[in-house]
Amino acid sequence: MPALKLHDTLTRTDRETTPLDGKTLRFYCCGPTVYGPAHIGNFRTFVAQDVMRRVVEASGTPTLHVRNITDVDDKTIRDSQKAGQSLLDFTQGWTQKFHIDCAALNLLPPHIEPSAVAHIPQQVAMIEKLVAGGHAYAAADGSVYFRVSSFKDYGKLSHLEDRELRLGASEAASATDRDEYTKDSLTDFALWKARKPEDGENFWPSPWGEGRPGWHLECSAMILEYLGEDFDLHSGGVDLIFPHHENEIAQSCCSTHGHFAHHWMHVAHLMVDGGKMSKSIGNLYTLEDLAKRGYSAVEVRYVLISGHYSATLNFTMHSLDSARQALQKLAKADKALERGPPSPQHSADSDNSATGQKEGAGLRSPAAGSEARAPGPFAEAWETLLHDLNVPGAMGAIFGVLNKLKLAALSPEEATAARNGLHFMLNALGLTLPAIADEAATDVPADIQALAQQRWDAKQAKDWAAADILRKQLEASGWLIKDSKEGFTVIAK
RNA sequence: GGCGAGGUAGCAAAGUGGUAAUGCACUGGUCUGCAAAACCGGUAUGCGCGGGUUCAAUUCCCGCCCUCGCCUCCA
């Protein structure tokens, strides 16, 4: 199968994601800072990366996925103190919550998930190399800074010129920063931060005195540990391009002989109701917030992938409703493609999957079948996906095929092929299908059930007027009646 | 000011040098006592504005307007 073509931030071109070692695509994603629940904006990035990984794997290339946990910085220290917990207890709690959310969103867990605190020695070692090489220097207070002027390629990723780095919005604000007085240059950044009273118990020894590592350093050190000096791809939110990724490149390239990441994937931001979403503004939603409003994680995932990852996406409640309907449509199509065993030798498999679905209580797992290895009739959707992860385009192609195929008229063999293809695509997108609304067993109160029965009786007696009055009564109470030839169903409005 | 993303139907969102996918919503029909579901249709002479290139531009070029993001620690 052809490889995924992905836009590369550094060269600004679409390039194939071919593994450097010819076998496994090794990539790193900047993970969360665990000082609170991640919001859907954070998850947009992780979901996009998850789709990337799934597509690469679906195309036949294994991956090595590394994503860090940032468990030491100003915010984790500050908030752990507020919570009266040790830094470790505090960050582990939020890490756990993060994992729960990731699982709900159907994110494949990274193969390696290193924490910054667990890699202090590696970070110190990298700083030592940088100091020895003349790329870093210790300040009077025991902090260590990277000398940006020592790395000629600085700014290459973000395309910022030297001059521009010194200008900018933060110029005025940083004048009051105490770092200001210890750094040689305004653009130099901290590799090691000297211990401060407010750090409490959170400090580590180093050749330059007690302190803690700077944020940018952890990624460089852990990448070196798990992916080496050269690796395939690095990914994160667009906001990390500068300075975070720029600094990572500087640190890594100046302390090793490698070229660091060979491909950069950046995910655009999520907006909410047309505006920026951020922790500082406070207009953010977590999965829990949305669950309280009745939306499932799968619906959230659908919304998060409904725009191309490189363009900002506006999130609204309406988009969640829209996602719910679209998922229903897919679930119904899937059901329509469900047929009996196509041939005797497959009957065992079919039985298993049927049982699994019942026990799954609502969630079907596409691609559980071993046949779902090719897109089948959805080849166009698959090709669209391979072109820089065009998920919206692929979704459109999937629906287009479903609209054209006369699902009910397909032969069992055709239906199975179509279903396998659909599952292949859904698996690449990481979408699980919800239970079909009608099937969702809701508890109907006895009085409602009685009214509904009354209406059914009236209907059987062809007393349309009475039946309609009862229906309206039920609707007013929030219940809808659906009739079939055999009987009726009551569902919540 | 610099860098970047984007302006496509009511909402969302793809896409292409040859005349606009798809999802939601809306809507007509079939079916149904009526609905719902299902199925079959419809809904942008138009793709921010103004020029230009071309047989042909929403798609290429130039100018302009607007929105959003980043510019030292926010995915």
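Every chain is numbered from 1 and lettered A, B, ... according to where its sequence line falls, protein lines coming before strand lines. Keep in mind that the numbers below use all heavy atoms, side chains included, and drop hydrogens, waters and symmetry copies. Please read all numbers here as calculations on a predicted model, not as lab measurements.
The nucleotide G17(B) finds no pairing partner, because no Watson-Crick or G-U wobble arrangement with both distances shorter than 3.5 Å includes it. Pair assignment for C31(B): none, as no Watson-Crick or G-U wobble contacts are both less than 3.5 Å. When Watson-Crick and G-U wobble pairs are counted only if both distances are under 3.5 Å, U58(B) pairs with no nucleotide at all.
A salt bridge is absent between D199(A) and K193(A): the closest approach of a Lys/Arg side-chain nitrogen to an acidic carboxylate oxygen does not fall below 4.0 angstrom.
If you check every strand for non-hydrogen atoms under 4.0 Å, K404(A) touches nothing. Using a 4.0 Å heavy-atom distance criterion, H269(A) is classed as a base contact. At the heavy-atom level, L313(A) lies under 4.0 Å from the strands shown only through sugar-phosphate atoms.
The shortest distance between side-chain heavy atoms of H65(A) and Y28(A) does not fall below 4.5 Å. Contact check for I40(A) versus L270(A): side-chain heavy atoms found under the 4.5 Å cut-off. Residues N202(A) and V72(A) have side chains not in contact (no heavy-atom distance under 4.5 Å, counting atoms from C-beta outward).
Each of Q325(A) and A268(A) was matched to the nucleotide of RNA chain B holding its nearest heavy atom; the match closer to the 5' end belongs to Q325(A).
For residues 455-466 of chain A, proximity to RNA chain B is found at R455(A), K459(A), W464(A), defined as any non-hydrogen atom under 4.0 angstrom from a strand atom.
A distance of about 14 Å separates the P atoms of A5(B) and G15(B), rounded to the whole Å. Remark: the separation of the P atoms in G4(B) and U19(B) is 33 Å, to the nearest Å.
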